[in-house]
Amino acid sequence: MAKENSDTHVLTANRLTDGIVVFWNEEQKWVEQINEADTATDPEWIGYLKKVGEVAEARNIIVEPYLVAVSRNEGVIEPLHIREKFRTLGPSVRSDLGKQAAAVSDERLLIAAE
Amino acid sequence: MYIYDQFDREFVLERVAQLRDQVRRRLTGELNEEEFRPLRLQNGVYLQLHAYMLRVAIPYGTLSSKQMRALADISETYDKGYGHFTTRQNIQFNWPALSDIPEILEKLADVEMHAIQTSGNCIRNVTSDPYAGVASDEYEDPRIFAEFIRQWSTLHPEFAFLPRKFKIAITGAAEDRAAIAFHDIGLRLKPNDLGEIGFEVHVGGGMGRTPMIGQVIKPWLAKSEILDYLQAVMRVYNLHGRRDNKYKARIKILAHELGLEKLSEEVDAEHRKIGVQGSSERQIIDLKEIDRIAEYFASPDLDTQSATLTDKSVGLNDPDYLLWKLINLTEHRHPDYAIVNISLKPYGGIPGDASADEMRTVADIAEQFSLSEIRVAHTQNLVLPYVRKADLPALWRALKASGLETPNKGQVSDIIACPGLDYCGLATARSIPIAQAISNRFKENGLEREIGKVKIKISGCINACGHHHAGHIGILGLEKNGQEYYQITLGGEDADGAAIGKIIGPGFSFAQVPMVVEDILKTYLDNRERGEEFIDTLRRVGVNAFKEDIYADH
């Protein structure tokens, strides 16, 4: 798949109960891995994701929802901003912690970490 | 050490029960995030980059072995098996679930600890000299007054919603080891011309985006007046401090805008008002109360301590032991004792992090060798305040067995670094890996010993939690076009002769920083005169001499 431009977004937030970073996916669930996130490029879909975040926050499922600009290449979804990259992976100084630790078998995530 | 009385115990447990109910209401949706945020913040609960973070207060940096073990247990049971000691004598847990936090606070309350006022716009954890009570240059033990201030400021109804956070540091020694000039209020116990001990009061210091050195607002204040005077300062700040702009809300801005003279007049007027005879607001501390609190901090009878085992198998001539002794010990006021600094900066390690196992090891060692007492320094290291010199070889061996014997106090690799973009939601760049890279570079090039004392401090954003403004070499991480870059400052100082470092020029990439630091320190080696430390050479030859070398090479 060709690399998409920065108009591509995913919806992210922190789970209310434990604060863990989550992403909204196509199956209408909050998941922990960005590669499972629903990506949106057209403004209407982006608007829909925004609404999803607001509703989920109002229902006290997540906190602080927002959209993250990403690139999508060969099935790998990677945030464009450095802050979001670390948020997606975990502390760069502790590869045994965060999502990078939970998904060591996920090659796509490892590619993003490189 | 201070021991909770019945009031303290009930108060802390009541607070835990309140937060338990607040968390329950948040999880069931009775409270939304906007309503819950100020409640969680006043109990030290942040939402950070990866998860919630709980900041636990270590009042004036004093911990018992029992408390350290409790922190280790909490880190294993509710977190990821480690904690991070901060630049304000707190410990942070980076991964607790919100639903577990009431239980964590209960465990903390069991060992007389809490997380109250470790965040929010209130008076924060009072910090102090990590060598309080044992330093050879001390006029009077600051912990007694730190405890008064802790009791007075905890949930003080008038100061629960200040314009902005408020930090107080207190020292009682000739050498400032508590960075008092960089606090909203800095207090130094010292004698006046008559030899009476009182407070020199500094106001309006701080780091952040507008760094300022505190100014002396009261050259000498009787000890019994301290709470009245603090009340007066807080009241003037609470009234005039700006609430329309959080970046201009700290007392340093008020002191700057009003001017010290006017601020001082207002504070004195308020102080007089509070001090009117018979005023119900008077907080004056009577001597009996000072004596009562002082008893908790009374020095143990060190001369009669029974000798602990001395390990004869470690010869006094072991070069590693001798180096550690040379670098990591500080003079104790008792000639047969030493203050032992335990570095939490192993080469290539994360400054201030301690695993549960390391915390337990330190607790055991403190129990065996330091009357079960540990101190936490704002430099993100630990201190054992009561070690018999005869026990040093055995103590060193115990530290060595756990990798806690790094001999680098005050050296290049003893770097202060905030959590930065690896953990912090506010950060713009990483701090920790920069510290690691510098530490590793100087381990490899072998220059650390030759260079000697230097303070390197790294912040991952302009909020300056890594105290970069006060570093001899300060490193500030910023972000531009999605890339981290680092501004270097030179000439900062957090101790006596406090100074704010000056930016030397355009910033550097992540990869360049360790090389630039090496160039700076090589310039020092080239220019130093006999016996001169880095900061002295820098002050003598000026920043420009360093700049030329740095920018010629990069």
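Letters go in sequence order (proteins before strands), and every chain restarts at 1.
A distance of 12.0 Å separates CG in B:Leu98 from CD1 in A:Ile20, rounded to the nearest 0.5 Å. Taking CZ of B:Phe510 as the reference point, atom CD1 of A:Ile82 lies at 8.5 Å (rounded to 0.5 Å). Here the NZ atom belonging to A:Lys85 is positioned 11.0 Å from the CG atom belonging to B:Leu421, to the nearest 0.5 angstrom.
The choice from A:Thr17, A:Ile61, A:Val21 that makes the most heavy-atom pairs within less than 4.5 Å of chain B is A:Thr17. Of the listed residues B:Gln48, B:Glu33, B:Arg430, B:Glu484, the one with more heavy-atom pairs under 4.5 angstrom with chain A than any other is B:Arg430. Considering only heavy-atom pairs separated by less than 4.5 Å from chain B, the leading option among A:Asn60, A:Val93, A:Asp96 is A:Val93. Looking only at heavy-atom pairs under 4.5 Å with chain B, the residue among A:Glu64, A:Arg87, A:Glu57 that has the most is A:Arg87. Most heavy-atom pairs under 4.5 Å with chain A: of the set B:Pro96, B:Gly425, B:Gly420, this distinction falls to B:Gly425. For the set B:Gly29, B:Ala427, B:Pro419, B:Gly482, the count of heavy-atom pairs under 4.5 angstrom toward chain A peaks at B:Gly29.
For chain A, the nearby part of B:Leu31 is the backbone; its heavy atoms alone come within less than 4.5 Å. Within the 4.5 angstrom heavy-atom criterion, atoms from both the backbone and the side chain of B:Leu49 approach chain A. Neither the backbone nor the side chain of A:Glu84 comes within contact range of chain B; no heavy atoms are under 4.5 Å apart. In this structure, chain B has a heavy atom under 4.5 Å from the backbone of A:Arg15, while its side chain stays farther away.
Considering all non-hydrogen atoms of both residues, B:Tyr52 and A:Leu16 come closest at OH-O, 2.6 Å. Of all heavy-atom pairs spanning A:Gly19 and B:Leu47, the tightest one is CA-CD1, 4.0 Å.
No more than 12 heavy atoms of other residues, nucleotides or ligands shown are found within 6.0 angstrom of CD on A:Glu27. Within 6.0 Å of OH in B:Tyr247 there are 12 or fewer heavy atoms belonging to other residues, nucleotides or ligands.
No side-chain heavy atom of B:Phe36 sits under 4.5 Å from any side-chain heavy atom of A:Val63. Looking only at side-chain heavy atoms (C-beta outward), A:Leu97 and B:His50 stay at 4.5 Å or farther from each other.
Side-chain atoms of A:Arg83 do not come within 3.5 Å of backbone N or O of B:Leu426 as any donor-acceptor pair.
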